[in-house]
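First the structure, in the form of structure tokens, and then the observations on it.
Quick caveat: nothing in here was measured; it's all calculated off a predicted structure.
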Amino acid sequence: MKLSKKMMAAVLTATMVASSLTACGSSSGNDSTTAATTKGADATTAAGGTDATTKAGENGNEEATTEATEYTVPQGVTDSADENADDDIVALIADDGLKPDSTVTLDVFSQLANVPGELTGWSGKLFQDKFNVKLNVICDVSGAYDTRMQEGNLGDIVVWGSNGDKYKKAVNSGMLWNWDDEDLLNEYGPYIAEHMKTALAANRTLNDDGGLYGFGHNVASSSADHETFMYSWDIRWDLYEQLGHPEVKNLDDYVSLLESMKQICPTDDNGKETYAASLWPDWDGNMVMYVKSTATAYYGYDEQALGIYDVDSGVYHDALEENGPYLEMLKFYNTLYQKGLLDPNSMTQTYTDMSEKMKVGGVFYSIFNYAGRDIYNTDEHLSQNKMMCSLTPDDCTPVVYGMSTYGGNRLWTIGANTQYPELCMAIINYLSTPDGYMEYNYGPKSLQATPDATDGCWYYKDGKTYFTKLGKACAEDRTTVMPEELGGKTFNDGCIQINNTTWSTSATNPVSGERYDWHYWSSEQTEAKNDTEKDWRSFVAEKLGVENDSIKLPDEYLDAKTLADGSKAFKVAVATTYADADQSAELKAAWNQVTDAIVTGSWNAIYAKSDDEFDKIVSDMITNCYALGYEDCLAWSQEGAAERKRLEDIVKSGDSLTE
């Protein structure tokens, strides 16, 4: 039996008398100093403490709490267009006596987090002001999950990188709080309860007991549209224009283009050698992330276990398939390496290292929007008429992910042994309100609500969303220093490092009627930023046969582009409730060995100095993987692909997955 509200009130009251407060998992702080390995692009980012929360009934303590004050909970928010929804939740906590007099530290165990430790800067101040809490992020370093499970404490808030076997094991072991208990969701998560009903129902389908333990990331209010294109194929358009817009029909043409770019731009802003591509291993999982993602970006084949999956046909291509898409893209990057176009530090550097090179013009190309134009297109570069813009090969059909009312597989949950389930629920609920999610992404809301305001980064005016000058600077350069009154440090240092989402940024903010993604705010639909962007707009309009300047955004270009047969030049990965099946202990052991062999062998192949050496390394990798149990791993992967297709067919037919 979970702690009752009365018991929780007594525990909280008694704890507040103490000289200091920490979360039940605070003894895990040692792990917050350990550098974490970033999880995969579906990525997109710890020892447990003592169990300070004894379950009521086991120690016969229920009678001791009968005189505790009963909670009186205000009505939750029900109007989706209420821009003060997050303030109502903060008031709920304060009015209910849950905002502690002394600061509480809550441990957030996140399998997606890259940066451990207490939130600082603007986000640290934000949570201190709203809830009087400090959030201590604990990354899922090697062995952290198993250790915390053994010690009986995953954390106060628990964020999952997948809804697979580790999550299910935690549910079945009683390590997560059931949101049905004590009516926790309805009382302290009213916005979630009202506006994420399908995502909540989807979570119940994952759990053997039919209980409710959380919801997935990237929730949308409608599944009628797709997400923003992540696979945007960004290149240095100023160089492309200088080269006379050479035709790019396929990957071979792309290689030739990148060679020509290096010839006319051999050094970056700091005089160092430039490269076409710069990879990073941080997010490698079952395969080398950048390699499998390039197959996703080119063919529209999405990652599925030990291979990639055609989201249109359901055909499965395993990683070691002869002449298959993974090995084809592996050879693509080896070709770049042999031609001196691949950053030689790709195998050893971090995402941050790559970002610093991109920021100074050391890299010409990225398949990802966040690793290309979002980094390179600074005010300084734009003023110099330099810019990264989107250019896909003519035969390219990148994946774009369907909007999902079910939510994704990265889950928000609450640890079963937290002393503060109401606070945890209220914080997750706050991050799910319109303003809370805006603050999660863009920093504090400005109450002054003027362009020159320094009390925040964004505001609403006449029903639309605007950046302050400070907020726009932060959006374009995350190293922008925040005012001391907002917590100081750089904007990036102050970001909420949990590294998960509640809503999709492509979803509609009900307050403004605009996407959460700032690129689509009406206030940001401006004239071309420089002559280079004018050239890009003119080029894509002519190529698409539309009126000049009618295409202003990369997504508009990618949405409108067609193949030679007139079909859309992208594929939509339909959102479902799919989750990986459990693996036996024997399969897990083989899986770990096989995937390690694929990742190691792939990197070695990328750095092969000749085609013959490349072929030899790949052949040895395949032989090694089969000896380690590849066939069993492949069979499990193929079963998952078949189940995924079954669920996608249900969604495409218009039926519900949760009824």
Side-chain angles (χ1 to χ4, degrees), residues 1-16 18 20-29 31-32 46-59 61 65 71 89 93 96-100 102-111 113 118-119 127 131-138 140 144-145 147-160 167 170-171 173-185 187-189 192 211-215 411-431 498 500:
M1 173 180 171
K2 295 276 195 303
L3 285 173
S4 68
K5 288 189 284 255
K6 293 180 179 180
M7 182 69 172
M8 286 303 306
V11 171
L12 187 60
T13 301
T15 309
M16 286 181 177
S20 63
L21 284 169
T22 57
C24 64
S26 60
S27 65
S28 64
D31 282 278
S32 67
T50 57
D51 180 3
T53 310
T54 306
K55 292 182 180 179
E58 292 179 348
N59 295 320
N61 291 331
T65 66
Y71 290 171
I89 302 311
I93 290 297
D96 209 37
L98 280 179
K99 186 174 182 180
S102 300
T103 302
V104 168
T105 298
L106 298 179
D107 282 345
V108 182
F109 178 54
S110 175
Q111 292 187 326
E118 287 184 1
L119 298 186
F127 284 104
F131 300 101
N132 202 13
V133 299
K134 292 182 179 179
L135 296 184
N136 177 48
V137 177
I138 300 171
D140 189 17
Y145 168 83
T147 300
R148 300 185 75 82
M149 286 288 289
Q150 291 168 6
E151 296 190 357
N153 174 34
L154 285 173
D156 298 291
I157 295 174
V158 185
V159 175
W160 301 89
Y167 162 74
V171 170
S173 301
M175 295 291 287
L176 297 179
W177 194 285
N178 189 327
W179 290 10
D180 291 327
D181 289 359
E182 308 290 359
D183 208 24
L184 183 71
L185 173 66
E187 293 196 8
Y188 296 97
I192 296 171
L212 176 63
Y213 294 91
F215 66 91
L411 305 178
W412 293 91
T413 65
I414 296 172
N417 292 317
T418 179
Q419 290 183 7
Y420 311 104
E422 295 91 348
L423 271 176
C424 294
M425 187 78 257
I427 288 169
I428 298 172
N429 190 83
Y430 154 71
L431 294 174
I498 299 170
N500 200 14

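- Of the listed residues (L411, I138, L176), just one forms a side chain to side chain contact (heavy atoms under 4.5 Å, CB included) with V158, and that residue is L176.
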Exercise for the section: Please assess K134 against V104 for the test side-chain contact (heavy atoms from CB on, under 4.5 Å), listing each intermediate value before the final yes or no. Expected result: CA-CA 6 Å; K134 292 182 179 179; V104 168; over 6 Å; no
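- Looking only at distances, no side-chain donor or acceptor of N153 sits under 3.5 Å from a matching main-chain atom of N417.
- By the 4.5 Å heavy-atom criterion applied to side chains, I414 and L184 are counted as neighbours.
- Side-chain contact annotation: T105 with N136, donor-acceptor N/O pair under 3.5 Å absent.
- Between M149 and S173, the closest heavy-atom pair is CE-OG, 3.9 Å.
- W179 pairs by the side-chain hydrogen bond (donor to acceptor under 3.5 Å, both in side chains) definition with nothing, not counting sequence neighbours.
- In this structure, W160 and W412 have side chains that are not in contact, with every pair of non-hydrogen atoms separated by 4.5 Å or more.
- Using a distance-only test at 3.5 Å, with no hydrogens or angles considered, no donor-acceptor pair links the side chain of N132 to the main chain of K99.
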Practice task
Test side-chain contact (heavy atoms from CB on, under 4.5 Å) on D140 and S110 and set out the steps.
Solution key: CA-CA 6 Å; D140 189 17; S110 175; over 6 Å; no
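- Not one N or O on the side chain of T413 forms a donor-acceptor pair closer than 3.5 Å with the backbone of G214.
- In this structure, T418 contributes its side chain and Y420 its backbone to a donor-acceptor pair below 3.5 Å.
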Practice task
Determine, stepwise, if the pair Y213 / Y167 fulfils ring-ring contact (aromatic ring centres under 6.0 Å, His included).
Solution key: CA-CA 10 Å; Y213 294 91; Y167 162 74; 7.2 Å; no
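- Expressed to the nearest 0.5 Å, how far CD1 of I498 lies from CG of L119 amounts to 6.0 Å.
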Exercise for the section: Run the numbers on F109 and I157 for side-chain contact (heavy atoms from CB on, under 4.5 Å), then give the verdict. Expected result: CA-CA 6 Å; F109 178 54; I157 295 174; over 6 Å; no
